[in-house]
Trainee: 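Got a structure for you, written out below as structure tokens; questions coming shortly.
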Amino acid sequence: MFDNDRLFKRDPEELAISRELYNEVAKLPIVSPHGHTDPQWFAENKNFNNATELLIKPDHYVFRMLYSQGIKLEELGIQRTDGGAVEQDSRKIWHVFANNYYLFHGTPSRIWMDYVFKAVFGFEISLDENTADYYYDKINQKLATNEFKPRALLDKFNIELLATTEHATDELKHHAKLKGTGLENTVITSFRPDDVIDPDHWNFSTSIVTLAEQTGEDISDWHGYLRALKARREFFIQHGATASDHGHPTARTANLSPTECQTLLNKVLAGSATAEERDLFRAQMLTEMAGMSLEDGLVMQIHPGVFRNHNQKLYQTFGTDKGCDIPVRTSYVDNLHPLLSKYGTESDLRIILFTLDESTYARELAPLAGHYPCLKLGPAWWFNDSPEGMLRFRHNVTETAGFYNTVGFNDDTRAFLSIPSRHDVARRIDCRFLAQLVAERRLPIDDAHTLAYDLSYRLAKEAYQRTK
């Protein structure tokens with residue numbers, strides 16, 4: 001199904017160097033500092049139900065492709081927001097997936113899933129309509145064992161750190177349950193405040209009321225609102241958080257006076273803010289979050305540039321995160337200027353920038369990160385989390401930002417079993433890129449070994465403050 005030289009160039013010299021570098025990093029522990037796996041899995045440590053529940057339903061990469069070919073999400077058992085009927089037969093859903101597995105040829109999803117089937121479950125034959133039942137039954141047999149419980153898989157996959165992501169008003173009950181288990185420093189949370197700082201967030205009106213109730217602050221007062229946010233950040237830090245995550249539509253920031261902020265907050269809470277005023281509020285809140293990160297030490301991740309829920313009919317029927325988010329053009333130089341004018345020279349502040357707009361790599365992101373002490377570049381993300389996407393990232397940013405203004409790899413996934421495969425792909429591609437530099441006599445082999453280790457392991461730990 002795959003060989004040990006997959007993703008390496010076939011040039012003999014580069015291939016030999018790639019193998020040499022990869023063999024030293026292949027078995028390093030996995031640091032996954034940003035993702036979306038369900039913390040309930042690890043808190044309760046129950047066996048996964050079946051192959052469909054684990055490998056298809058949580059993974060919008062999978063059902064997005066199937067939907068694009070006319071397969072309805074109801075046929076895949078994806079829950080409707082109105083509680084309407086969907087397919088309940090998990091074996092039948094698995095057959096739909098197996099019958100259409102050929103659709104994933106050439107995609108990173110195919111690489112990840114083939115790795116899971118081979119390395120995790122031990123299959124030697126490919127999945128298709130003829131092997132669907134064999135796959136389904138064998139996977140389910142293994143999932144029923146103690147060796148395939150969530151906590152056991154953390155050990156099996158050599159995962160040193162796994163960060164989930166929760167909204168600002170989340171009670172973090174699953175993370176609280178992990179305390180005292182020995183896993184509270186392995187499975188941690190991340191602070192995602194979009195629900196209380198983005199007026200266009202689908203749950204903003206409810207979450208803002210919850211924020212006031214949780215903190216006892218008067219959130220109609222600008223300073224009380226900021227105190228409430230600081231209190232929630234501290235709550236998350238107490239549950240292991242080392243980072244915040246911001247999924248705003250753009251990277252726009254602002255630096256308004258307190259009086260202007262109060263006026264804007266009044267309009268937002270009253271529901272009378274215009275589209276421009278709501279966007280300006282988001283912009284101001286990114287700057288406020290940066291200031292809070294400077295105070296409390298949370299690493300700030302900014303993930304702009306996505307038209308979320310583009311398929312409104314699908315969104316209305318199934319809710320968010322159903323594979324219908326689309327990348328859009330994004331600007332960083334002008335948009336980040338207000339924030340950087342205020343905090344850009346602060347070396348104690350860590351802001352990690354992500355993009356889906358690859359045209360900004362060399363033109364904007366690499367020069368910004370190559371100058372401002374507070375900025376680092378996140379890895380190729382989401383639609384760009386692929387072999388070619390990773391190579392484009394390294395080719396476009398390295399000459400200006402170097403390697404040490406990047407933060408290693410994070411998988412950003414809901415698909416738990418794909419984590420080892422995603423990290424394996426990243427390590428292979430980085431070793432391939434380093435091998436080219438060595439073969440072209442642009443990098444000494446000893447330095448390449450150091451870089452392979454740093455890109456695979458050390459930079460992620462340091463970027464997310466897991467080690468000094």
Trainee: When you look at CD of Glu171, are more than 12 heavy atoms from neighbouring residues, nucleotides or ligands closer to it than 6.0 Å?
Mentor: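 Open: at most 12 neighbouring heavy atoms sit under 6.0 Å from CD of Glu171.
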Trainee: How about Lys267: does its NZ atom have over 12 heavy atoms from other parts shown lying under 6.0 Å from it?
Mentor: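 No.
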Trainee: For the pair Glu358 and Arg392, evaluate salt bridge (charged side-chain N to carboxylate O under 4.0 Å, His left out) and give the outcome as yes or no after the intermediate values.
Mentor: CA-CA 8 Å; Glu358 292 182 304; Arg392 289 192 297 269; 2.8 Å; yes
Trainee: Under 3.5 Å, is there a donor-acceptor pair between the side chain of Thr206 and the main chain of Asn203?
Mentor: no
Trainee: Judged by modelled atom types alone, do Thr355 and Asp357 share a side-chain donor-acceptor pair under 3.5 Å?
Mentor: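 Looking only at side-chain atoms, Asp357 and Thr355 do not form any donor-acceptor pair under 3.5 Å.
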Trainee: Between Phe42 and Phe416, does the ring centroid distance fall short of 6.0 Å?
Mentor: yes
Trainee: Inspect the contact between Glu184 and Lys179 and indicate whether a charged nitrogen and a carboxylate oxygen are less than 4.0 angstrom apart.
Mentor: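 A salt bridge is absent here (no side-chain N lies under 4.0 Å from a carboxylate O).
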Trainee: Just by distance, with hydrogens left out, do Thr164 and Glu166 show a side-chain donor and acceptor under 3.5 Å apart?
Mentor: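 On atom types as modelled, these side chains qualify, holding a pair under 3.5 Å.
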Trainee: Assess the pair His34 and His303: is the distance between their ring centroids shorter than 6.0 Å?
Mentor: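 So the answer is yes for these two rings.
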Trainee: What do you reckon, is CH2 of Trp202 surrounded by more than 12 foreign heavy atoms closer than 6.0 Å?
Mentor: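 It does not: Trp202 CH2 has 12 such atoms or fewer within range.
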Trainee: Would you list the pairs meeting salt bridge (Lys or Arg N to Asp or Glu O under 4.0 Å) in which at least one residue belongs to residues 405-419, sequence neighbours left out?
Mentor: Asp321-Arg414
Trainee: State, yes or no, whether a side-chain contact exists between Asn410 and Pro379 at a heavy-atom distance under 4.5 Å.
Mentor: yes
Trainee: Starting from the C-alpha separation in whole Å, work towards a yes-or-no answer on side chain to side chain contact (heavy atoms under 4.5 Å, CB included) for Leu349 and Ile351.
Mentor: CA-CA 7 Å; Leu349 175 63; Ile351 299 175; 3.8 Å; yes
Trainee: Measuring from Leu21:CG to Phe433:CZ, what's the distance to the nearest 0.5 Å?
Mentor: 12.5 Å
Trainee: Any side-chain donor-acceptor pair under 3.5 Å between Asp195 and Thr169?
Mentor: yes
Trainee: Would you check if Phe97 and Val62 make a side-chain contact, meaning some heavy-atom pair closer than 4.5 Å?
Mentor: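 In short, these two side chains touch, coming nearer than 4.5 Å.
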Trainee: Would the distance check show the side chain of Arg350 and the main-chain N or O of Cys374 forming a donor-acceptor pair, the cut-off being under 3.5 Å?
Mentor: no
Trainee: With distance as the sole test, does Asn158 use its side chain to make a donor-acceptor pair with the main-chain N or O of Lys27 at under 3.5 Å?
Mentor: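 Confirmed, Asn158 side chain pairs with Lys27 backbone.
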Trainee: Under the side-chain hydrogen bond (donor to acceptor under 3.5 Å, both in side chains) test, which residues partner Arg329, sequence neighbours left out?
Mentor: none
Trainee: Has the side chain of Thr253 got a donor or acceptor atom that lies under 3.5 Å from a matching backbone atom of Asn335?
Mentor: yes
Trainee: Could you tell me if the ring centre of Tyr453 sits under 6.0 Å from that of His449?
Mentor: no
Trainee: With ring centroids as reference points, do Tyr361 and His395 lie under 6.0 angstrom apart?
Mentor: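 Centroid separation for Tyr361 and His395: 6.0 Å or greater.
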Trainee: How long is the gap from OG1 on Thr189 to CG on Leu172, to the nearest 0.5 Å?
Mentor: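 These two atoms lie 5.0 Å from each other.
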Trainee: According to side chain to side chain contact (heavy atoms under 4.5 Å, CB included), who are the partners of Gln79, at least two apart in sequence or on a separate chain?
Mentor: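 Scan of Gln79 (side chain to side chain contact (heavy atoms under 4.5 Å, CB included), adjacent residues dropped) gives none.
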Trainee: Please step through side chain to side chain contact (heavy atoms under 4.5 Å, CB included) for the pair Ser293 and Met289, ending with a clear verdict.
Mentor: CA-CA 6 Å; Ser293 284; Met289 292 290 104; 5.5 Å; no
Trainee: Just do the salt bridge (charged side-chain N to carboxylate O under 4.0 Å, His left out) check on Glu462 and Arg458 with the steps written out, would you?
Mentor: CA-CA 6 Å; Glu462 291 190 352; Arg458 186 175 70 84; 2.7 Å; yes
Trainee: If the threshold is 4.0 Å, N to carboxylate O, is there a salt bridge linking Glu14 and Arg432?
Mentor: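 Here Glu14 does not pair with Arg432 in a salt bridge, since their nearest N and O are not under 4.0 Å apart.
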Trainee: Does one side chain, of Asn311 or Tyr67, offer a donor that lies under 3.5 Å from an acceptor on the other?
Mentor: yes
Trainee: Would you say the side-chain atoms of Thr107 pair up with the backbone N or O of Phe104, donor to acceptor, closer than 3.5 Å?
Mentor: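 A pair under 3.5 Å: yes.
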Trainee: On the six-membered ring of Phe403, is Arg394 placed so that its NZ or CZ lies under 6.0 angstrom from the centre and within 45° of the ring axis?
Mentor: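 Verdict for Phe403: no cation-pi partner in Arg394.
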Trainee: Which residues pass the side chain to side chain contact (heavy atoms under 4.5 Å, CB included) test with Gln40, sequence neighbours left out?
Mentor: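 Once residues adjacent in sequence are excluded, the partners of Gln40 under the side chain to side chain contact (heavy atoms under 4.5 Å, CB included) criterion are Asp38, Glu44, His174.
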Trainee: Starting at CG of Leu353, measure out to OG1 of Thr330 and round the result to the nearest 0.5 Å.
Mentor: 11.0 Å
Trainee: Any donor-acceptor pair under 3.5 Å linking the side-chain atoms of Glu213 with those of Thr210?
Mentor: no
Trainee: Measuring from Arg252:CZ to Leu280:CG, what's the distance to the nearest 0.5 Å?
Mentor: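 Spacing of CZ (Arg252) from CG (Leu280) equals 5.0 Å.
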Trainee: Once you round to the nearest 0.5 Å, how far does CZ of Phe281 lie from CG of Leu286?
Mentor: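 That separation rounds to 11.0 Å.
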Trainee: Answer yes if the ring centres of Trp112 and Tyr61 are under 6.0 angstrom apart, and no otherwise.
Mentor: yes
Trainee: Check side-chain hydrogen bond (donor to acceptor under 3.5 Å, both in side chains) between Asp348 and all other residues, then give those that pass, not counting sequence neighbours.
Mentor: none
Trainee: What heavy-atom pair brings Gly247 and Arg308 nearest, and what distance separates the two atoms?
Mentor: O-NE, 3.8 Å
Trainee: Can you measure from CG (Asn266) to OG1 (Thr263) and round to the nearest 0.5 angstrom?
Mentor: 6.0 Å
Trainee: Strictly distance-based, threshold 3.5 Å: is any side-chain N or O of Glu260 a donor or acceptor partner for the main-chain N or O of Ser257?
Mentor: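 Flag set: sc Glu260 to bb Ser257 pair under 3.5 Å.
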Trainee: Below 4.5 Å, heavy atoms only, C-beta onward: do Leu269 and Ile219 meet side chain to side chain?
Mentor: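 The answer is yes; the side chains approach within 4.5 Å.
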Trainee: Between Gln301 and Ser244 (side chain of the first, backbone of the second, donor and acceptor by atom type, cut-off under 3.5 Å), is there such a pair?
Mentor: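 Answer holds: yes.
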Trainee: For the residue pair Ile429 and Glu388, establish whether any side-chain heavy-atom pair is separated by less than 4.5 Å.
Mentor: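 They are not in contact (no side-chain heavy atoms under 4.5 Å apart), so the answer is no.
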Trainee: Is Glu75 reaching over with its side chain to a backbone N or O of Lys72, donor-acceptor style, under 3.5 angstrom?
Mentor: yes
Trainee: Looking only at the side chains, is there a donor atom on one of Tyr225 and Ser220 sitting less than 3.5 Å from an acceptor on the other?
Mentor: no
Trainee: So does Ala273 get a backbone contact from the side chain of Arg278, meaning a donor-acceptor N/O pair under 3.5 Å?
Mentor: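 At least one qualifying donor-acceptor pair exists.
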Trainee: Examine distances only and state if a side-chain atom of Thr165 and a backbone atom of His36 form a donor-acceptor pair shorter than 3.5 Å.
Mentor: no
Trainee: How far apart are the C-alpha atoms of Thr186 and Leu161, what are their side-chain angles, what is the distance that settles it, and do they pass the side chain to side chain contact (heavy atoms under 4.5 Å, CB included) test?
Mentor: CA-CA 5 Å; Thr186 299; Leu161 174 74; 5.9 Å; no
Trainee: Taking the basic N atoms (NZ, or NE/NH1/NH2) and the acidic carboxylate oxygens, is any pair closer than 4.0 Å for Arg192 and Asp170?
Mentor: no
Trainee: Given Phe354 and Ile352, is the side chain to side chain contact (heavy atoms under 4.5 Å, CB included) satisfied, shown in steps?
Mentor: CA-CA 7 Å; Phe354 293 78; Ile352 301 175; 3.4 Å; yes
Trainee: Would you please say whether a donor-acceptor pair under 3.5 Å links the side chains of Asn405 and Tyr372?
Mentor: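 Looking only at side-chain atoms, Tyr372 and Asn405 do not form any donor-acceptor pair under 3.5 Å.
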Trainee: Please list all pairs passing the salt bridge (Lys or Arg N to Asp or Glu O under 4.0 Å) test where one or both residues lie in residues 415-424, with sequence neighbours left out.
Mentor: Arg6-Asp424, Asp385-Arg422, Asp424-Arg428
Trainee: Given Phe307 and His310, is the ring-ring contact (aromatic ring centres under 6.0 Å, His included) satisfied, shown in steps?
Mentor: CA-CA 6 Å; Phe307 189 133; His310 192 273; 4.6 Å; yes
